[in-house]
There are 2 protein chains.
Amino acid sequence: MNVDPHPWAQELDSLHDHAWHRLIRGVHDRHAPARHPTLATVSPQGWPQARTVVLRAADKASRKLEIHTNSHSPKIADLVSTPVAALHVWDSGSRLQIRIQADVVIAQGAEVSHVWSAVPERSRTAYSSSSVPGELIPGALAYAAEPDASAFAVLYLHIRSMDLLHLGARHRRAQFIADPDWVGRWLVP
Amino acid sequence: MNVDPHPWAQELDSLHDHAWHRLIRGVHDRHAPARHPTLATVSPQGWPQARTVVLRAADKASRKLEIHTNSHSPKIADLVSTPVAALHVWDSGSRLQIRIQADVVIAQGAEVSHVWSAVPERSRTAYSSSSVPGELIPGALAYAAEPDASAFAVLYLHIRSMDLLHLGARHRRAQFIADPDWVGRWLVP
């Protein structure tokens, strides 16, 4: 008989705990799968949009995640028109798909100056107003990114629900709703 | 002087060709990054949704991709209300993010019986009507998946545009629009 490599997937509580463990690992380990989730939004035209982001913070008690972005990025316009996001992680080591639905609050300026001051110098060029992400340029390298604190935005994701799918000898899937305490239930995978 | 490991990223045509090469590799190699893209849709309530899918076909000439799904899956309801999808791949070996926008046509029944007949027996349980993906169940394993050809649906993604982001010594980003011939242009990363 084989030993189950993922015993945490058998019970709702341990499955949920494991997903948070993996999210938090993503914040602290740049090689962890949850370091680079895919953030999906809806554009002002009503189209789905998906792109890789960096997970900057994850707090289980407050059910809050944090992502940084250039405030001129199209994802800000998406979130202004539809302040809801889906966050997706495929954690191959855990054979676990994490799908998160969240309300998004955009914070900028003085409100996040304490976050800005902790952004390393070499990372600050991502937050520029002179060259705006997605803008047309005549050549591949015809952009100059000057750090600009006013182009720095923090997305706070307030999680509504998580959908966890574990691919094992038999697949298991559960949904966890923050209502406001977490309520979990099994779903057909 | 270092040799550029990704010379294909320097020109629009070779960047575009490389992305197609990687997509097609995903179809044929189950370990390739493009094997398991993230598909983003918009739910009937207007919320973004994102989940892993399997890329089943990619044809450069017709600009068409193919994905299989259970016809009872919520993603079908999403695509009936908003027949547009975003497909996302992070190809770590190529340091390349592929973002695709596509119109989606859902095909079922006799129209795709030739596709169904090529689905291996062991994979057919994913297409069941007795246990519907996302349905509540009293226990983790309280589902029984019986293959059902009528629960098999093919999503044909007709690509409108691709956004390619290469992370190199300097980042490069380009957008390619199918208009109907491909037109590429550089964007600020």
Side-chain angles (χ1 to χ4, degrees), chain A residues 9-12 15 36-43 45-52 70 72 78 82 84-90 92 97 99-101 126 128 130-145 160 163 165-166 170-175 185-189, chain B residues 9-12 15 36-43 45-52 70 72 78 82 84-90 92 97 99-101 126 128 130-145 160 163 165-166 170-175 185-189:
Chain A
Q10 293 190 12
E11 301 295 334
L12 288 168
L15 173 59
H36 295 111
T38 304
L39 180 79
T41 55
V42 179
S43 77
Q45 294 74 35
W47 282 41
Q49 298 286 343
R51 78 292 277 165
T52 300
N70 185 309
H72 305 292
D78 293 0
T82 304
V84 172
L87 199 77
H88 173 276
V89 175
W90 166 245
S92 55
Q97 175 179 249
R99 296 173 63 186
I100 288 171
Q101 293 277 315
S128 164
S130 46
S131 288
V132 172
E135 208 174 39
L136 275 174
I137 42 179
L141 302 178
Y143 62 93
R160 286 194 190 199
D163 185 306
L165 172 65
H166 177 257
R170 294 205 62 188
H171 302 344
R172 287 176 168 85
R173 180 178 173 188
Q175 184 189 50
R185 42 198 206 163
W186 296 108
L187 307 181
V188 175
Chain B
Q10 294 191 12
E11 302 294 335
L12 287 169
L15 173 58
H36 294 112
T38 303
L39 179 79
T41 54
V42 179
S43 77
Q45 294 75 34
W47 282 41
Q49 298 287 343
R51 80 291 279 165
T52 299
N70 186 311
H72 305 292
D78 293 0
T82 304
V84 172
L87 199 77
H88 173 276
V89 174
W90 167 246
S92 55
Q97 176 180 248
R99 296 174 63 186
I100 289 170
Q101 292 277 316
S128 164
S130 47
S131 289
V132 172
E135 208 175 37
L136 276 174
I137 43 178
L141 302 179
Y143 63 92
R160 286 194 189 200
D163 185 306
L165 172 65
H166 177 256
R170 293 206 62 190
H171 302 341
R172 289 176 167 85
R173 180 178 173 187
Q175 183 188 52
R185 43 199 207 164
W186 295 108
L187 307 181
V188 174

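Order of the sequence lines fixes the chain letters, A, B, ..., with proteins taken first and strands second; residue numbering starts at 1 for each chain. No experiment lies behind these values; they were computed from the predicted model shown. In what follows, every heavy atom counts, from backbone to side chain, and hydrogens, waters and symmetry copies are set aside.
Of the atoms belonging to A:Arg51, heavy atoms from both backbone and side chain fall under 4.5 Å from chain B. Heavy atoms of A:Val84 lying under 4.5 Å from chain B belong to its backbone as well as its side chain. Heavy-atom distances place both the backbone and the side chain of A:Thr52 under 4.5 Å from chain B. Both the backbone and the side chain of A:Arg170 have a heavy atom closer than 4.5 Å to some heavy atom of chain B. Both the backbone and the side chain of B:Glu135 come within less than 4.5 Å of a heavy atom of chain A. With a 4.5 angstrom heavy-atom cutoff, A:Trp47 touches chain B via backbone and side-chain atoms both. Contact annotation for A:Ser131: both backbone and side-chain heavy atoms come within less than 4.5 Å of a heavy atom of chain B.
Counting heavy-atom pairs closer than 4.5 Å to chain A, the top residue among B:Ile100, B:Leu187, B:Thr41 is B:Leu187. Between chain B and the options A:Leu39, A:Leu15, A:Val42, heavy-atom pairs under 4.5 Å are most frequent for A:Val42. Heavy-atom pairs under 4.5 Å with chain B were tallied for A:Gln175, A:Arg173, A:Gln10, A:Gln49; the largest tally goes to A:Gln49. Contact count against chain A (heavy-atom pairs under 4.5 Å) is highest for B:Ala50 among B:Ala145, B:Gly46, B:Ala50, B:Ala142.
Every residue two or more places apart in sequence or in another chain that forms a ring-ring contact (aromatic ring centres under 6.0 Å, His included) with B:His166 is listed here: B:His6, B:Trp8. Take B:Leu12 and apply the side chain to side chain contact (heavy atoms under 4.5 Å, CB included) test, not counting sequence neighbours, and it matches B:Ala174, B:Phe176, B:Trp186.
One finds the NE2 atom of B:His36 at 11.0 Å from the OG atom of A:Ser92 (value rounded to the nearest 0.5 Å).
Counting all heavy atoms, side chain and backbone alike, A:Ala86 lies closest to B:Pro48 at CB-O, 3.5 Å.
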- Derivation and outcome, side-chain contact (heavy atoms from CB on, under 4.5 Å), residues B:Val132 and A:Val188: CA-CA 6 Å; B:Val132 172; A:Val188 175; 5.9 Å; no
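For the pair A:Arg172 (side chain) and B:Leu141 (backbone), a donor-acceptor distance under 3.5 Å is absent.
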